[in-house]
**Student:** 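Have a look at this one before I ask anything.
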There are 2 protein chains.
Amino acid sequence: MPKRTKAEAEATREALLDAAEIVFLERGVSRASLEQIARQAGMTRGAVYWHFKNKSDLFHAMLDRVKMPLRQLLDDVEDPERPHAPLTSLRLACLHALERLQRPRSQRVHTILFHRCESSGDIDMLGLQSHLAQECYDTMVERLEQAQRDGALGKDVDPEIACRMLMSMFGGLMHDWLRDPTQYALDETGPRMIETFFTRIAHLPGER
Amino acid sequence: MPKRTKAEAEATREALLDAAEIVFLERGVSRASLEQIARQAGMTRGAVYWHFKNKSDLFHAMLDRVKMPLRQLLDDVEDPERPHAPLTSLRLACLHALERLQRPRSQRVHTILFHRCESSGDIDMLGLQSHLAQECYDTMVERLEQAQRDGALGKDVDPEIACRMLMSMFGGLMHDWLRDPTQYALDETGPRMIETFFTRIAHLPGER
DNA sequence: GCAAGTTTACATTCATGTATGTATGCCTGT
DNA sequence: ACAGGCATACATACATGAATGTAAACTTGC
């Protein structure tokens with residue numbers, strides 16, 4: 001029964017993306033065939049090739065549905081009326097990101113990114129990740145330097161090093177937890193890690 | 001000119017593993033064909049199938065050449081005559097691991113593990129990683145609990161949380177740096193991150 | 001009726017595994 | 001010590017299957 005209405009066509013496009021998430025997740029991106037994805041969505045490969053140029057295009061379209069730059073995370077937690085201290089902003093943004101990560105779609109896609117795909121040739125995970133990381137680094141280091149000027153950072157804590165620590169810790173946390181979400185409760189352990197990091201990196205009461 | 005001496009056969013086996021590292025690295029594990037690996041080693045697929053059961057077997061053999069459990073790292077830095085404080089042991093082990101990571105073979109293989117392979121079906125990265133991580137967690141948490149009993153840990157620092165933080169940070173550091181080793185000098189930034197972590201997680205002078 | 005959306009059919013490529021060929025190293029008996 | 005004989009260490013050839021991309025057919029909204 002080909003040729004649906006325009007809205008139905010858009011629905012099959014979404015169904016194909018949903019299917020891609022499922023199949024990529026359980027078979028891995030490279031072993032997943034477009035045939036399997038199409039069947040998962042109740043379609044045939046023809047539908048895939050109509051909506052997407054090829055597997056790589058489908059993959060990137062899937063990513064676009066969950067993209068969320070740090071900038072936006074910060075905007076979400078920042079109130080233009082009463083701005084937070086820079087460390088507070090970063091901390092809240094991290095907590096917010098943790099919450100989002102647990103949303104089913106976000107969790108699926110990030111699991112795929114970390115554990116179910118390899119960077120090579122037509123996908124180029126590295127360029128994508130590097131770009132994201134650079135942007136993240138720039139905005140974070142900015143806040144941390146401000147925090148230092150405010151005297152909010154521990155005296156021997158270098159902003160750039162703290163920035164790398166936070167990025168590595170957060171990325172590593174995602175990596176570890178997504179590998180096996182049953183090993184610990186992210187919504188308990190995650191926040192405690194974030195809290196401990198910011199508490200300890202900050203200028204402590206009693207510290208000279 | 002087939003049929004080499006026993007020593008030569010072992011040499012071709014090593015050559016095949018070297019070739020696998022190179023081809024896996026630049027093409028990704030799934031896109032790498034045994035043909036390409038064999039040619040990289042100056043052999044044919046026959047040689048590969050003689051020495052290894054299939055690609056998965058070859059892959060695991062490649063991993064076996066760089067395996068280094070945390071236990072061994074700790075043994076390397078610990079002097080049975082004069083044992084270190086637990087936090088010192090962990091710190092030294094981390095630094096030692098960073099050094100090893102920069103060795104060409106280790107760097108290549110870990111880059112493959114983090115960025116050039118996907119967990120699915122006959123490879124099962126997840127089981128492998130989970131096992132490693134669990135072992136790592138257990139031995140680290142042990143030391144951190146000892147550190148806490150010694151009063152060496154900051155008063156609001158939970159050993160299990162600190163353990164996850166360190167593991168995530170270290171794993172994230174590897175992940176980030178291996179993605180693009182030119183972005184920063186690991187032998188500068190790495191140690192400074194480790195130092196900052198242990199300094200700040202430890203009980204600080206002046207802390208109540 | 002025309003074009004959007006989807007199916008079916010087909011041609012091509014490519015990796016895998018296996019089976020077979022083959023020359024050489026190694027060993028054993030004498 | 002050396003002459004078979006056998007297992008080793010590969011190379012080559014082939015059969016198979018699976019995935020891709022494209023072209024053509026079909027079906028329905030507008």
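Computed over heavy atoms, backbone and side chain alike; hydrogens, waters and symmetry mates excluded. Below, read A as the first sequence line, B as the second, and so on, with proteins coming before strands; counting in each chain starts at 1. This structure is a prediction, so every number in the text was calculated from the model and none was measured.
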**Student:** Less than 4.0 angstrom from a charged side-chain N to a carboxylate O is my criterion; do B/Glu78 and B/Arg143 meet it?
**Tutor:** yes

**Student:** Specify the separation, in whole Å, of atom CZ of B/Arg13 and atom P of D/dT8.
**Tutor:** 16 Å

**Student:** Within the pair A/Thr12 and C/dG5, is there a side-chain N or O less than 4.0 Å away from OP1 or OP2?
**Tutor:**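 Checking A/Thr12 against C/dG5: no side-chain N or O falls below 4.0 Å of OP1 or OP2.
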
**Student:** Taking atom CG of A/Leu166 and atom CE of A/Met193, what is their separation to the nearest 0.5 Å?
**Tutor:**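 Reported value, rounded in 0.5 Å steps: 10.0 Å.
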
**Student:** How many whole angstroms separate atom CD of B/Glu14 from atom C1' of D/dC10?
**Tutor:** 17 Å

**Student:** Assign B/Ala47 to base, sugar-phosphate, or nothing according to its heavy-atom contacts below 4.0 angstrom with the strands shown.
**Tutor:**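 Here B/Ala47 touches the backbone only, sparing every base.
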
**Student:** Using five base pairs at each end to define the local axes, how bent is the helix from C/dG1-D/dC30 to C/dT30-D/dA1, to the nearest 10°?
**Tutor:**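 One end axis against the other gives 10°.
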
**Student:** Within residues 22-44 of chain B, find the residues that approach DNA chain D with a heavy atom at under 4.0 Å, and present them sorted by residue number.
**Tutor:**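 Per residue number, the list reads B/Met43, B/Thr44.
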
**Student:** Does B/Arg39, at its CZ atom, have more than 12 non-hydrogen atoms belonging to other residues, nucleotides or ligands within less than 6.0 Å?
**Tutor:** no

**Student:** May I ask you to check whether A/Gln72 and A/Asp76 show a side-chain donor-acceptor distance below 3.5 Å?
**Tutor:**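 Judged by distance alone, the side chains do not pair up.
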
**Student:** Could you tell me the separation between the CG atom of A/Asp180 and the CG atom of B/Leu126, rounded to the nearest 0.5 Å?
**Tutor:**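 Nearest 0.5 Å value for the CG-CG distance: 8.0 Å.
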
**Student:** Would you mind listing every salt bridge (charged side-chain N to carboxylate O under 4.0 Å, His left out) that reaches into residues 85-107 of chain B, with sequence neighbours excluded?
**Tutor:** B/Asp18-B/Arg105, B/Glu21-B/Arg105, B/Arg91-B/Glu195

**Student:** Of the options A/Asp122, A/Leu17, A/Leu113, which is the one that meets A/Phe59 in a side chain to side chain contact (heavy atoms under 4.5 Å, CB included)?
**Tutor:**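 When A/Asp122, A/Leu17, A/Leu113 are each tested with A/Phe59, the side chain to side chain contact (heavy atoms under 4.5 Å, CB included) holds only for A/Leu113.
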
**Student:** Go through it in stages, so that I can follow the logic: the residues are B/Arg65 and B/Glu14, the test is salt bridge (Lys or Arg N to Asp or Glu O under 4.0 Å), and I'd like the CA-CA distance, side-chain angles, deciding distance and then a yes or no.
**Tutor:** CA-CA 10 Å; B/Arg65 296 203 302 181; B/Glu14 293 295 311; 2.7 Å; yes

**Student:** Residues of residues 50-65 of chain B with any non-hydrogen atom less than 4.0 angstrom from an atom of DNA chain C: list those, numerically ordered, please.
**Tutor:** B/Asn54, B/Lys55

**Student:** Not counting sequence neighbours, list each pair that qualifies as a salt bridge (charged side-chain N to carboxylate O under 4.0 Å, His left out) and has a residue in residues 157-176 of chain A.
**Tutor:**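 Salt bridge (charged side-chain N to carboxylate O under 4.0 Å, His left out) check on residues 157-176 of chain A returns A/Asp158-B/Arg192, A/Asp176-A/Arg179.
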
**Student:** For B/Tyr49 and A/Arg45, take the nucleotide of DNA chain C holding the closest heavy atom to each; which residue's nucleotide lies nearer the 5' end?
**Tutor:**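 Mapping each residue to its closest nucleotide by heavy atoms, the 5'-most match is A/Arg45.
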
**Student:** Under the side chain to side chain contact (heavy atoms under 4.5 Å, CB included) test against B/Phe198, which residue among B/Thr88, B/Leu90, B/Leu92 passes?
**Tutor:** B/Leu90

**Student:** Not counting sequence neighbours, which residues clear ring-ring contact (aromatic ring centres under 6.0 Å, His included) with A/Phe114? List them please.
**Tutor:** A/His175, B/His175

